[in-house]
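The basis for the numbers below is simple: all heavy atoms, side chains too, and nothing from hydrogens, waters or symmetry mates. Each ligand, and each atom within it, is numbered from 1 in the order the structure gives. Quick caveat, the model's predicted, so the values are computed rather than measured.
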Amino acid sequence: MLKKDFLWGGATAANQFEGGYQEGGRGLATSDTKTNGSLTRKRKHSFLNDNNEIIYLHESEFISHDYQATLDPNMYYPSHKAVDFYHHYREDIALMAEMGFKCYRMSLSWTRIFPNGNEDEPNEEGLKFYENVFDECLKYGIQPVVTLNHFDMPVYLAQHQDGWLSRNTIECFLKYCQTVFERYKGKVKYWMTFNEINLLRGYATLGIHEMNTQKYYQALHHLFIASAKAVQLGHEIDPNNQIGMMLANILTYSETCNPKDVELELNVSRRLKYFFSDVQCRGYYPSYVLKLLERENIQIIKEENDDQILKDGCVDYIGFSYYNSGVVTTRKDAGMSLGNGINMAQNPYLKESEWKWPIDPTGLRISLNILWDRYQKPLFIVENGLGADDKVEKDGSIHDDYRIDYMRDHIIEMKKAVEEDGVNLMGYTPWGCIDLVSAGTGEMKKRYGMIYVDMDDEGNGTLERSKKDSFYWYKKVILSHGEDL
Ligand code: P53
(Lines give C-alpha, C1' and ligand atoms only; values in the text may rest on other atoms or scores of the structure.)
Protein backbone atom coordinates (compact mmCIF):
# COMPACT_ATOMS: atom_id res chain seq x y z
CA MET A 1 0.00 0.00 0.00
CA LEU A 2 1.02 3.57 -0.56
CA LYS A 3 1.67 5.51 2.65
CA LYS A 4 -1.37 6.78 4.51
CA ASP A 5 -0.21 10.37 4.11
CA PHE A 6 0.85 9.90 0.47
CA LEU A 7 0.80 13.27 -1.25
CA TRP A 8 -1.51 13.04 -4.26
CA GLY A 9 -1.65 16.31 -6.14
CA GLY A 10 -0.53 18.21 -9.19
CA ALA A 11 2.25 20.59 -10.25
CA THR A 12 2.74 23.96 -11.95
CA ALA A 13 5.42 26.65 -12.24
CA ALA A 14 5.04 30.42 -11.93
CA ASN A 15 6.41 31.46 -15.32
CA GLN A 16 4.15 28.98 -17.13
CA PHE A 17 1.03 29.38 -15.03
CA GLU A 18 0.78 32.58 -13.07
CA GLY A 19 0.85 35.59 -15.40
CA GLY A 20 0.25 39.01 -13.83
CA TYR A 21 3.79 39.80 -14.86
CA GLN A 22 3.57 43.53 -14.12
CA GLU A 23 1.11 43.37 -11.27
CA GLY A 24 1.68 43.79 -7.57
CA GLY A 25 5.07 45.40 -8.03
CA ARG A 26 6.63 42.39 -9.73
CA GLY A 27 9.97 42.92 -11.51
CA LEU A 28 10.97 41.64 -14.94
CA ALA A 29 12.19 38.03 -15.02
CA THR A 30 14.35 36.39 -17.67
CA SER A 31 11.42 34.18 -18.65
CA ASP A 32 9.39 37.31 -19.54
CA THR A 33 11.49 38.09 -22.61
CA LYS A 34 10.88 34.65 -24.11
CA THR A 35 8.49 34.40 -27.06
CA ASN A 36 6.56 31.29 -28.04
CA GLY A 37 7.75 28.60 -30.45
CA SER A 38 6.70 25.19 -31.71
CA LEU A 39 8.00 21.67 -32.08
CA THR A 40 10.18 22.84 -34.97
CA ARG A 41 10.59 26.56 -34.20
CA LYS A 42 12.71 27.43 -31.17
CA ARG A 43 11.64 29.93 -28.54
CA LYS A 44 13.77 33.05 -28.51
CA HIS A 45 14.55 35.99 -26.20
CA SER A 46 14.26 39.59 -27.34
CA PHE A 47 17.20 41.94 -26.74
CA LEU A 48 18.13 45.45 -27.73
CA ASN A 49 21.47 45.41 -29.52
CA ASP A 50 24.05 48.19 -29.48
CA ASN A 51 22.31 49.90 -32.45
CA ASN A 52 19.07 49.98 -30.47
CA GLU A 53 17.45 47.37 -32.70
CA ILE A 54 15.39 44.50 -31.33
CA ILE A 55 17.00 41.15 -32.06
CA TYR A 56 15.99 37.61 -31.16
CA LEU A 57 18.35 35.05 -29.74
CA HIS A 58 17.84 31.47 -28.66
CA GLU A 59 18.71 30.54 -25.05
CA SER A 60 22.03 29.01 -25.96
CA GLU A 61 23.11 31.56 -28.58
CA PHE A 62 25.88 34.04 -27.89
CA ILE A 63 24.46 36.98 -25.97
CA SER A 64 26.70 40.03 -25.88
CA HIS A 65 27.01 42.03 -22.68
CA ASP A 66 26.02 45.09 -24.70
CA TYR A 67 22.58 43.67 -25.36
CA GLN A 68 19.80 44.69 -22.98
CA ALA A 69 16.79 42.48 -22.32
CA THR A 70 13.79 44.14 -23.94
CA LEU A 71 10.14 43.58 -24.84
CA ASP A 72 8.81 43.94 -28.39
CA PRO A 73 5.28 45.42 -28.36
CA ASN A 74 4.45 43.40 -31.49
CA MET A 75 5.34 40.08 -29.93
CA TYR A 76 3.45 37.61 -27.81
CA TYR A 77 5.23 36.54 -24.63
CA PRO A 78 3.44 33.58 -23.03
CA SER A 79 4.67 34.21 -19.47
CA HIS A 80 3.04 37.64 -19.25
CA LYS A 81 -0.46 36.35 -18.89
CA ALA A 82 0.25 32.59 -18.88
CA VAL A 83 -3.14 31.14 -17.86
CA ASP A 84 -3.61 33.87 -15.28
CA PHE A 85 -3.50 31.92 -12.04
CA TYR A 86 -2.76 35.34 -10.55
CA HIS A 87 -6.44 36.21 -10.89
CA HIS A 88 -7.91 32.70 -10.92
CA TYR A 89 -6.20 31.14 -7.92
CA ARG A 90 -9.30 30.76 -5.78
CA GLU A 91 -11.20 29.02 -8.55
CA ASP A 92 -8.17 26.89 -9.48
CA ILE A 93 -7.49 25.73 -5.94
CA ALA A 94 -11.18 24.94 -5.49
CA LEU A 95 -10.95 22.67 -8.55
CA MET A 96 -7.86 20.99 -7.12
CA ALA A 97 -9.73 20.46 -3.87
CA GLU A 98 -12.63 18.95 -5.79
CA MET A 99 -10.22 16.39 -7.27
CA GLY A 100 -9.13 15.59 -3.72
CA PHE A 101 -5.59 16.96 -3.88
CA LYS A 102 -3.52 16.48 -0.73
CA CYS A 103 -0.81 18.78 -2.01
CA TYR A 104 -0.17 21.34 -4.71
CA ARG A 105 3.32 21.82 -6.12
CA MET A 106 3.94 25.36 -7.38
CA SER A 107 6.86 27.74 -7.71
CA LEU A 108 7.39 31.28 -6.49
CA SER A 109 8.32 34.03 -8.88
CA TRP A 110 11.52 35.47 -7.40
CA THR A 111 10.85 38.92 -8.94
CA ARG A 112 7.45 39.12 -7.27
CA ILE A 113 9.28 39.19 -3.95
CA PHE A 114 12.54 40.90 -4.90
CA PRO A 115 11.78 42.74 -8.18
CA ASN A 116 15.45 43.28 -9.05
CA GLY A 117 16.79 40.51 -6.84
CA ASN A 118 18.98 42.76 -4.71
CA GLU A 119 16.66 45.10 -2.77
CA ASP A 120 17.04 45.55 0.97
CA GLU A 121 13.36 44.96 1.62
CA PRO A 122 11.01 42.46 -0.02
CA ASN A 123 7.92 43.52 -1.94
CA GLU A 124 5.00 43.10 0.47
CA GLU A 125 2.39 42.79 -2.26
CA GLY A 126 4.21 39.82 -3.73
CA LEU A 127 4.54 38.14 -0.35
CA LYS A 128 0.87 38.74 0.31
CA PHE A 129 -0.16 37.15 -2.97
CA TYR A 130 1.53 33.86 -2.11
CA GLU A 131 0.24 34.01 1.44
CA ASN A 132 -3.28 34.21 0.03
CA VAL A 133 -2.53 31.25 -2.23
CA PHE A 134 -1.21 29.16 0.69
CA ASP A 135 -4.13 30.11 2.92
CA GLU A 136 -6.50 29.10 0.17
CA CYS A 137 -4.76 25.72 -0.15
CA LEU A 138 -4.70 25.10 3.59
CA LYS A 139 -8.40 25.92 3.82
CA TYR A 140 -8.98 22.67 1.87
CA GLY A 141 -6.24 20.71 3.63
CA ILE A 142 -3.95 20.97 0.61
CA GLN A 143 -0.23 21.11 1.53
CA PRO A 144 1.73 23.55 -0.62
CA VAL A 145 4.93 22.04 -2.09
CA VAL A 146 7.06 24.99 -3.13
CA THR A 147 9.85 25.13 -5.70
CA LEU A 148 11.99 28.13 -4.81
CA ASN A 149 13.27 28.63 -8.34
CA HIS A 150 11.77 27.23 -11.52
CA PHE A 151 13.44 28.28 -14.79
CA ASP A 152 13.78 32.04 -14.30
CA MET A 153 15.54 34.83 -12.40
CA PRO A 154 15.53 38.63 -12.09
CA VAL A 155 16.61 40.28 -15.36
CA TYR A 156 18.45 42.83 -13.24
CA LEU A 157 20.80 40.18 -11.84
CA ALA A 158 21.36 38.74 -15.31
CA GLN A 159 22.14 42.14 -16.78
CA HIS A 160 24.29 43.49 -13.95
CA GLN A 161 26.16 40.48 -12.65
CA ASP A 162 25.76 37.69 -15.18
CA GLY A 163 23.27 35.85 -13.01
CA TRP A 164 24.60 32.68 -11.45
CA LEU A 165 28.11 33.30 -12.67
CA SER A 166 28.42 35.80 -9.84
CA ARG A 167 29.02 34.60 -6.30
CA ASN A 168 26.89 37.52 -5.14
CA THR A 169 23.78 35.91 -6.67
CA ILE A 170 24.04 33.29 -3.91
CA GLU A 171 23.57 36.02 -1.30
CA CYS A 172 20.63 37.51 -3.23
CA PHE A 173 19.02 34.10 -3.50
CA LEU A 174 19.52 33.33 0.19
CA LYS A 175 17.96 36.59 1.21
CA TYR A 176 14.93 35.67 -0.85
CA CYS A 177 14.91 32.18 0.73
CA GLN A 178 15.18 33.58 4.24
CA THR A 179 12.31 35.96 3.53
CA VAL A 180 9.97 33.23 2.34
CA PHE A 181 11.04 30.63 4.94
CA GLU A 182 10.28 33.13 7.69
CA ARG A 183 7.11 34.51 6.20
CA TYR A 184 5.53 31.14 5.37
CA LYS A 185 6.73 29.29 8.47
CA GLY A 186 3.96 26.98 9.63
CA LYS A 187 2.17 27.23 6.27
CA VAL A 188 4.70 25.56 3.97
CA LYS A 189 6.65 22.48 5.03
CA TYR A 190 7.76 20.97 1.70
CA TRP A 191 10.27 22.88 -0.42
CA MET A 192 12.56 22.23 -3.37
CA THR A 193 15.50 24.44 -4.33
CA PHE A 194 16.18 24.48 -8.12
CA ASN A 195 13.84 22.90 -10.62
CA GLU A 196 15.61 20.32 -12.81
CA ILE A 197 19.04 21.53 -11.71
CA ASN A 198 20.61 19.18 -14.24
CA LEU A 199 18.94 20.93 -17.19
CA LEU A 200 19.87 24.53 -16.39
CA ARG A 201 22.09 25.90 -19.09
CA GLY A 202 20.53 28.82 -20.98
CA TYR A 203 20.01 32.53 -20.43
CA ALA A 204 16.59 32.27 -18.79
CA THR A 205 17.71 29.92 -16.06
CA LEU A 206 21.29 31.05 -15.39
CA GLY A 207 21.28 34.64 -16.69
CA ILE A 208 24.75 34.31 -18.19
CA HIS A 209 26.03 36.19 -21.24
CA GLU A 210 28.65 34.68 -23.54
CA MET A 211 28.27 31.21 -22.04
CA ASN A 212 31.02 28.59 -22.19
CA THR A 213 31.91 25.38 -20.37
CA GLN A 214 34.11 27.07 -17.78
CA LYS A 215 31.34 29.53 -16.92
CA TYR A 216 28.80 26.74 -16.82
CA TYR A 217 30.64 24.76 -14.14
CA GLN A 218 31.32 27.89 -12.12
CA ALA A 219 27.63 28.85 -12.19
CA LEU A 220 26.66 25.31 -11.31
CA HIS A 221 28.97 25.41 -8.30
CA HIS A 222 27.17 28.54 -7.16
CA LEU A 223 23.83 26.78 -7.56
CA PHE A 224 25.05 23.86 -5.47
CA ILE A 225 26.28 26.19 -2.74
CA ALA A 226 23.07 28.25 -2.85
CA SER A 227 20.98 25.10 -2.58
CA ALA A 228 23.05 23.67 0.28
CA LYS A 229 22.90 26.94 2.21
CA ALA A 230 19.17 27.20 1.58
CA VAL A 231 18.70 23.71 3.02
CA GLN A 232 20.61 24.70 6.18
CA LEU A 233 18.77 27.97 6.48
CA GLY A 234 15.40 26.31 6.00
CA HIS A 235 16.17 23.82 8.77
CA GLU A 236 17.33 26.57 11.13
CA ILE A 237 14.20 28.62 10.59
CA ASP A 238 11.89 25.66 10.99
CA PRO A 239 13.17 22.17 11.87
CA ASN A 240 9.94 20.79 10.40
CA ASN A 241 10.89 21.94 6.92
CA GLN A 242 11.57 19.21 4.37
CA ILE A 243 13.79 20.53 1.61
CA GLY A 244 14.43 18.54 -1.50
CA MET A 245 16.39 18.73 -4.71
CA MET A 246 14.64 18.49 -8.09
CA LEU A 247 16.14 16.26 -10.75
CA ALA A 248 15.08 15.86 -14.39
CA ASN A 249 15.16 12.11 -14.35
CA ILE A 250 15.67 11.22 -17.98
CA LEU A 251 16.29 7.49 -17.82
CA THR A 252 18.87 6.18 -20.28
CA TYR A 253 19.26 2.68 -21.72
CA SER A 254 22.16 1.18 -23.59
CA GLU A 255 21.09 0.28 -27.13
CA THR A 256 22.90 -3.08 -27.10
CA CYS A 257 24.85 -5.38 -24.79
CA ASN A 258 28.05 -4.25 -26.46
CA PRO A 259 30.15 -3.22 -23.44
CA LYS A 260 31.10 -0.06 -25.30
CA ASP A 261 27.43 0.95 -25.45
CA VAL A 262 26.96 0.07 -21.78
CA GLU A 263 30.01 2.07 -20.81
CA LEU A 264 28.73 5.06 -22.78
CA GLU A 265 25.35 4.82 -21.09
CA LEU A 266 27.07 4.85 -17.69
CA ASN A 267 28.96 8.00 -18.58
CA VAL A 268 25.94 9.72 -20.10
CA SER A 269 23.72 8.99 -17.12
CA ARG A 270 26.41 10.35 -14.79
CA ARG A 271 26.85 13.53 -16.78
CA LEU A 272 23.17 14.02 -17.38
CA LYS A 273 21.84 13.22 -13.90
CA TYR A 274 23.82 11.48 -11.20
CA PHE A 275 26.51 14.17 -10.93
CA PHE A 276 23.78 16.51 -9.69
CA SER A 277 22.05 14.13 -7.31
CA ASP A 278 25.42 12.85 -6.04
CA VAL A 279 26.43 16.37 -5.01
CA GLN A 280 23.06 17.27 -3.52
CA CYS A 281 22.43 13.97 -1.73
CA ARG A 282 25.95 12.98 -0.69
CA GLY A 283 27.43 16.43 -0.20
CA TYR A 284 30.53 16.29 -2.37
CA TYR A 285 31.63 16.19 -6.00
CA PRO A 286 31.95 12.61 -7.26
CA SER A 287 35.40 11.48 -8.42
CA TYR A 288 34.26 11.00 -12.04
CA VAL A 289 33.44 14.73 -12.25
CA LEU A 290 36.63 15.87 -10.52
CA LYS A 291 38.59 13.85 -13.07
CA LEU A 292 36.56 15.24 -15.95
CA LEU A 293 37.16 18.82 -14.81
CA GLU A 294 40.86 18.07 -14.53
CA ARG A 295 40.97 16.58 -18.04
CA GLU A 296 39.08 19.47 -19.57
CA ASN A 297 41.19 21.96 -17.68
CA ILE A 298 38.27 23.57 -15.94
CA GLN A 299 38.99 25.35 -12.69
CA ILE A 300 36.14 26.11 -10.35
CA ILE A 301 36.81 29.03 -8.06
CA LYS A 302 35.75 27.92 -4.58
CA GLU A 303 35.77 29.57 -1.21
CA GLU A 304 37.41 27.90 1.75
CA ASN A 305 34.22 26.68 3.39
CA ASP A 306 32.52 25.43 0.26
CA ASP A 307 33.26 21.74 0.80
CA GLN A 308 31.81 21.96 4.29
CA ILE A 309 28.75 23.85 3.05
CA LEU A 310 28.00 21.10 0.54
CA LYS A 311 28.41 18.47 3.25
CA ASP A 312 26.11 20.26 5.66
CA GLY A 313 23.47 21.05 3.06
CA CYS A 314 22.38 17.63 1.81
CA VAL A 315 18.75 17.52 0.79
CA ASP A 316 16.02 15.74 2.74
CA TYR A 317 14.40 14.12 -0.27
CA ILE A 318 14.67 13.79 -4.04
CA GLY A 319 11.92 15.36 -6.07
CA PHE A 320 12.13 14.34 -9.69
CA SER A 321 10.36 14.65 -13.01
CA TYR A 322 9.80 11.60 -15.15
CA TYR A 323 8.41 11.79 -18.65
CA ASN A 324 10.41 9.34 -20.75
CA SER A 325 13.53 7.30 -21.33
CA GLY A 326 16.17 7.56 -24.04
CA VAL A 327 18.52 5.14 -25.80
CA VAL A 328 22.27 5.73 -25.84
CA THR A 329 24.41 4.28 -28.60
CA THR A 330 28.00 4.39 -29.85
CA ARG A 331 26.68 4.11 -33.44
CA LYS A 332 27.47 7.27 -35.34
CA ASP A 333 24.55 6.87 -37.76
CA ALA A 334 21.77 6.78 -35.16
CA GLY A 335 20.31 10.04 -36.37
CA MET A 336 19.29 11.64 -33.08
CA SER A 337 21.49 13.52 -30.70
CA LEU A 338 21.40 14.81 -27.17
CA GLY A 339 23.85 17.63 -27.76
CA ASN A 340 27.49 17.31 -26.67
CA GLY A 341 27.94 14.80 -29.46
CA ILE A 342 25.98 12.10 -27.65
CA ASN A 343 24.15 9.80 -30.04
CA MET A 344 20.66 8.70 -29.23
CA ALA A 345 18.62 6.03 -30.95
CA GLN A 346 14.94 5.31 -31.23
CA ASN A 347 13.49 2.68 -28.92
CA PRO A 348 11.60 0.15 -31.05
CA TYR A 349 9.73 -1.14 -28.00
CA LEU A 350 8.06 2.15 -27.12
CA LYS A 351 5.37 4.37 -28.61
CA GLU A 352 5.86 8.13 -28.75
CA SER A 353 3.66 11.07 -27.83
CA GLU A 354 2.50 13.62 -30.39
CA TRP A 355 5.55 15.67 -29.40
CA LYS A 356 7.83 12.66 -30.00
CA TRP A 357 8.52 11.84 -26.36
CA PRO A 358 8.78 8.06 -25.86
CA ILE A 359 6.22 6.66 -23.41
CA ASP A 360 7.80 4.27 -20.91
CA PRO A 361 5.90 3.46 -17.69
CA THR A 362 8.27 0.60 -16.76
CA GLY A 363 11.05 3.17 -16.82
CA LEU A 364 9.38 4.91 -13.89
CA ARG A 365 9.65 1.79 -11.72
CA ILE A 366 13.26 1.34 -12.83
CA SER A 367 14.05 4.99 -12.02
CA LEU A 368 12.49 4.78 -8.57
CA ASN A 369 14.57 1.71 -7.80
CA ILE A 370 17.82 3.18 -9.09
CA LEU A 371 17.39 6.37 -7.07
CA TRP A 372 16.34 4.49 -3.93
CA ASP A 373 19.28 2.07 -4.22
CA ARG A 374 21.75 4.87 -4.78
CA TYR A 375 20.71 7.34 -2.08
CA GLN A 376 18.18 5.81 0.30
CA LYS A 377 16.42 9.14 0.54
CA PRO A 378 12.65 9.55 0.26
CA LEU A 379 11.54 10.10 -3.33
CA PHE A 380 8.79 12.34 -4.65
CA ILE A 381 7.52 12.17 -8.24
CA VAL A 382 6.90 15.87 -8.73
CA GLU A 383 6.27 15.81 -12.50
CA ASN A 384 4.89 13.21 -14.86
CA GLY A 385 2.34 13.42 -17.63
CA LEU A 386 1.45 13.49 -21.29
CA GLY A 387 1.54 16.62 -23.42
CA ALA A 388 -1.25 16.29 -25.98
CA ASP A 389 -3.45 18.40 -28.25
CA ASP A 390 -6.91 17.98 -26.71
CA LYS A 391 -10.12 18.27 -28.68
CA VAL A 392 -13.12 20.05 -27.18
CA GLU A 393 -16.40 18.41 -28.23
CA LYS A 394 -19.46 20.44 -29.21
CA ASP A 395 -20.95 19.97 -25.75
CA GLY A 396 -17.72 21.15 -24.11
CA SER A 397 -16.54 17.74 -22.95
CA ILE A 398 -12.95 16.56 -23.50
CA HIS A 399 -12.30 12.86 -23.89
CA ASP A 400 -8.63 12.53 -23.03
CA ASP A 401 -8.52 8.77 -22.62
CA TYR A 402 -4.89 8.79 -23.91
CA ARG A 403 -3.93 10.87 -20.85
CA ILE A 404 -5.81 8.56 -18.53
CA ASP A 405 -3.99 5.59 -20.09
CA TYR A 406 -0.63 7.31 -19.64
CA MET A 407 -1.28 8.17 -16.01
CA ARG A 408 -2.80 4.78 -15.17
CA ASP A 409 0.18 2.92 -16.61
CA HIS A 410 2.64 5.11 -14.71
CA ILE A 411 0.74 4.85 -11.43
CA ILE A 412 0.69 1.05 -11.76
CA GLU A 413 4.48 0.99 -12.08
CA MET A 414 4.88 3.51 -9.28
CA LYS A 415 2.83 1.27 -7.01
CA LYS A 416 4.90 -1.77 -7.94
CA ALA A 417 8.05 0.11 -6.92
CA VAL A 418 6.47 0.82 -3.53
CA GLU A 419 4.56 -2.39 -2.89
CA GLU A 420 6.85 -4.96 -4.49
CA ASP A 421 10.25 -3.28 -4.20
CA GLY A 422 9.88 -1.28 -0.98
CA VAL A 423 10.82 2.11 -2.35
CA ASN A 424 10.09 5.04 -0.01
CA LEU A 425 7.81 7.33 -2.01
CA MET A 426 6.29 10.55 -0.64
CA GLY A 427 3.86 11.50 -3.36
CA TYR A 428 2.84 12.00 -6.96
CA THR A 429 2.11 15.37 -8.55
CA PRO A 430 1.40 15.10 -12.29
CA TRP A 431 2.59 18.05 -14.34
CA GLY A 432 0.34 20.92 -15.42
CA CYS A 433 -2.74 19.61 -13.60
CA ILE A 434 -4.43 22.70 -15.03
CA ASP A 435 -3.35 23.42 -18.63
CA LEU A 436 -0.39 25.77 -18.82
CA VAL A 437 2.27 27.05 -21.21
CA SER A 438 4.83 24.50 -22.35
CA ALA A 439 8.38 25.17 -21.13
CA GLY A 440 10.01 23.65 -24.16
CA THR A 441 7.96 25.21 -26.94
CA GLY A 442 5.89 27.96 -25.31
CA GLU A 443 2.76 26.46 -26.85
CA MET A 444 -0.63 26.18 -25.18
CA LYS A 445 -1.71 23.31 -27.39
CA LYS A 446 0.77 20.98 -25.72
CA ARG A 447 -1.55 20.35 -22.81
CA TYR A 448 -0.95 18.25 -19.70
CA GLY A 449 -3.97 19.19 -17.61
CA MET A 450 -6.91 17.37 -16.16
CA ILE A 451 -8.52 20.80 -16.29
CA TYR A 452 -8.76 22.53 -19.65
CA VAL A 453 -8.03 26.23 -20.08
CA ASP A 454 -9.59 28.04 -23.03
CA MET A 455 -6.57 29.74 -24.55
CA ASP A 456 -4.57 29.29 -27.76
CA ASP A 457 -0.90 29.62 -28.69
CA GLU A 458 -1.22 33.37 -29.28
CA GLY A 459 -2.98 34.02 -25.99
CA ASN A 460 -6.54 34.29 -27.35
CA GLY A 461 -9.35 32.73 -25.36
CA THR A 462 -11.67 33.23 -22.42
CA LEU A 463 -9.33 31.54 -19.90
CA GLU A 464 -12.37 29.60 -18.75
CA ARG A 465 -11.57 26.36 -16.92
CA SER A 466 -13.37 23.08 -17.70
CA LYS A 467 -13.05 19.49 -16.55
CA LYS A 468 -11.62 16.83 -18.86
CA ASP A 469 -12.48 13.14 -18.49
CA SER A 470 -9.16 12.73 -16.69
CA PHE A 471 -10.44 15.06 -13.98
CA TYR A 472 -13.12 12.58 -12.91
CA TRP A 473 -10.76 9.66 -13.31
CA TYR A 474 -7.98 11.19 -11.16
CA LYS A 475 -10.52 12.16 -8.53
CA LYS A 476 -11.56 8.53 -8.27
CA VAL A 477 -7.91 7.42 -8.10
CA ILE A 478 -7.18 9.75 -5.19
CA LEU A 479 -10.38 8.84 -3.39
CA SER A 480 -9.50 5.12 -3.59
CA HIS A 481 -5.86 5.86 -2.65
CA GLY A 482 -4.64 4.51 -5.96
CA GLU A 483 -6.66 1.29 -5.82
CA ASP A 484 -9.37 2.12 -8.36
CA LEU A 485 -7.41 2.74 -11.57
P1 P53 B 1 7.27 20.84 -21.79
C2 P53 B 1 12.76 18.99 -21.10
C3 P53 B 1 12.88 17.64 -20.76
C4 P53 B 1 12.32 17.18 -19.58
C5 P53 B 1 11.64 18.05 -18.74
O6 P53 B 1 7.98 20.04 -20.58
C7 P53 B 1 11.54 19.38 -19.08
C8 P53 B 1 12.10 19.87 -20.25
C9 P53 B 1 11.99 21.30 -20.63
O10 P53 B 1 11.11 21.45 -21.68
O11 P53 B 1 10.97 20.30 -18.26
C12 P53 B 1 10.03 19.97 -17.28
O13 P53 B 1 6.52 21.94 -21.16
C14 P53 B 1 9.82 21.26 -16.51
C15 P53 B 1 8.50 21.90 -16.74
C16 P53 B 1 7.99 21.57 -18.13
C17 P53 B 1 7.77 20.07 -18.19
O18 P53 B 1 8.97 19.37 -17.91
O19 P53 B 1 8.40 21.29 -22.63
O20 P53 B 1 10.10 21.15 -15.15
O21 P53 B 1 8.63 23.28 -16.51
O22 P53 B 1 6.85 22.25 -18.49
C23 P53 B 1 7.21 19.58 -19.51
O24 P53 B 1 6.38 19.86 -22.46
Side-chain angles (χ1 to χ4, degrees), residues 10-18 29-31 34-44 58-60 78-79 82-83 85 105-109 145-153 192-206 244-252 268-269 272-273 276 318-326 336-339 342 344 352-360 363-364 367 380-390 403 406-407 410 429-449 453 455 457:
T12 66
N15 79 88
Q16 296 167 254
F17 192 51
E18 192 177 282
T30 47
S31 51
K34 210 170 178 179
T35 64
N36 58 0
S38 68
L39 188 57
T40 48
R41 185 171 60 86
K42 284 183 170 171
R43 304 183 70 183
K44 294 193 168 184
H58 179 249
E59 285 266 59
S60 59
S79 78
V83 293
F85 177 68
R105 174 183 177 232
M106 55 177 278
S107 77
L108 306 181
S109 165
V145 176
V146 175
T147 317
L148 287 158
N149 188 234
H150 192 128
F151 289 177
D152 71 356
M153 72 177 318
M192 273 169 277
T193 51
F194 296 101
N195 185 65
E196 294 190 334
I197 188 164
N198 52 324
L199 294 189
L200 311 184
R201 190 100 210 189
Y203 169 79
T205 53
L206 299 182
M245 72 166 300
M246 187 339 191
L247 185 74
N249 188 68
I250 303 159
L251 181 66
T252 46
V268 168
S269 62
L272 200 62
K273 292 184 299 188
F276 304 82
I318 304 170
F320 71 90
S321 62
Y322 178 81
Y323 292 92
N324 52 39
S325 56
M336 291 152 68
S337 108
L338 197 74
I342 297 163
M344 304 292 287
E352 288 183 342
S353 77
E354 287 171 76
W355 270 262
K356 310 270 171 241
W357 291 15
I359 298 172
D360 181 9
L364 178 57
S367 298
F380 195 162
I381 304 166
V382 297
E383 285 184 34
N384 172 242
L386 178 72
D389 190 3
D390 296 324
R403 183 169 293 109
Y406 180 102
M407 288 175 68
H410 283 77
T429 58
W431 179 245
C433 45
I434 299 179
D435 288 345
L436 42 64
V437 177
S438 155
T441 64
E443 291 165 301
M444 260 318 289
K445 72 164 187 261
K446 190 181 186 190
R447 296 170 183 276
Y448 287 86
V453 177
M455 185 182 222
D457 289 345

Would you mind checking which non-hydrogen protein atom is closest to [atom], with the distance to 0.1 Å?
atom                    : result
atom 13 (O) of ligand 1 : Ala439 N, 2.7 Å
atom 22 (O) of ligand 1 : Gln16 NE2, 2.9 Å
atom 24 (O) of ligand 1 : Tyr448 OH, 2.5 Å
atom 17 (C) of ligand 1 : Tyr323 OH, 3.2 Å
atom 6 (O) of ligand 1  : Trp357 CH2, 3.5 Å
atom 2 (C) of ligand 1  : Leu199 CD1, 4.0 Å
atom 19 (O) of ligand 1 : Gly440 N, 2.8 Å

Any salt bridge linking [X] with [Y]? Criterion: basic side-chain nitrogen under 4.0 Å from a carboxylate oxygen.
X      : Y      : answer
Lys44  : Glu59  : no
Asp390 : Arg403 : yes
Asp435 : Arg447 : yes

Can you tell me which portion of [X] lies within the under-4.0 Å heavy-atom range of ligand 1? Options are side chain, backbone, both, or neither.
X      : value
Asn195 : side chain
Trp355 : neither
Ala248 : neither
Ala13  : neither

Using heavy-atom distances, let me know which of Glu383, Glu196, His150, Lys446 sits nearest atom 5 (C) of ligand 1.
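Closest candidate by heavy-atom distance is Glu196.
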By ring pair (Phe, Tyr, Trp, His ring centres under 6.0 Å), which residues pair with Tyr406, not counting sequence neighbours?
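For Tyr406, the residues satisfying ring pair (Phe, Tyr, Trp, His ring centres under 6.0 Å) (neighbours in sequence not counted) are His410.
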Distance under 4.0 Å to a non-hydrogen atom of Ser438: what atoms of ligand 1 satisfy this?
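Answer for ligand 1: 1 (P), 13 (O), 19 (O), 24 (O).
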Drop me the distance from Asp360's CG to Tyr323's OH, to the nearest 0.5 angstrom.
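The OH atom of Tyr323 is 15.0 Å from CG of Asp360, to the nearest 0.5 Å.
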Look up atom OG in Ser109 and atom NE2 in His150, then write down how far apart they are to the nearest 0.5 Å.
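Answer rounded to 0.5 Å: 12.0 Å.
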Would Lys446 pass as a cation-pi partner of Trp431, given that its NZ or CZ must be under 6.0 Å from the six-membered ring centre and within 45 degrees of the axis?
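Pair Lys446/Trp431 does not count as cation-pi.
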Partner of Ser31 by side chain to side chain donor-acceptor pair (under 3.5 Å), out of Asn15, Thr205, Asp152
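Of all the options given, the one that passes is Asp152.
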Test your reading of the structure: does Ile250 have an N or O sitting under 3.5 Å from an N or O of ligand 1?
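Checking ligand 1 against Ile250, no N or O pair falls under 3.5 Å apart.
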Quick one, Val382 with Met246, criterion side chain to side chain contact (heavy atoms under 4.5 Å, CB included). Give me CA distance, side-chain angles, the key distance, then yes/no.
CA-CA 8 Å; Val382 297; Met246 187 339 191; 3.8 Å; yes
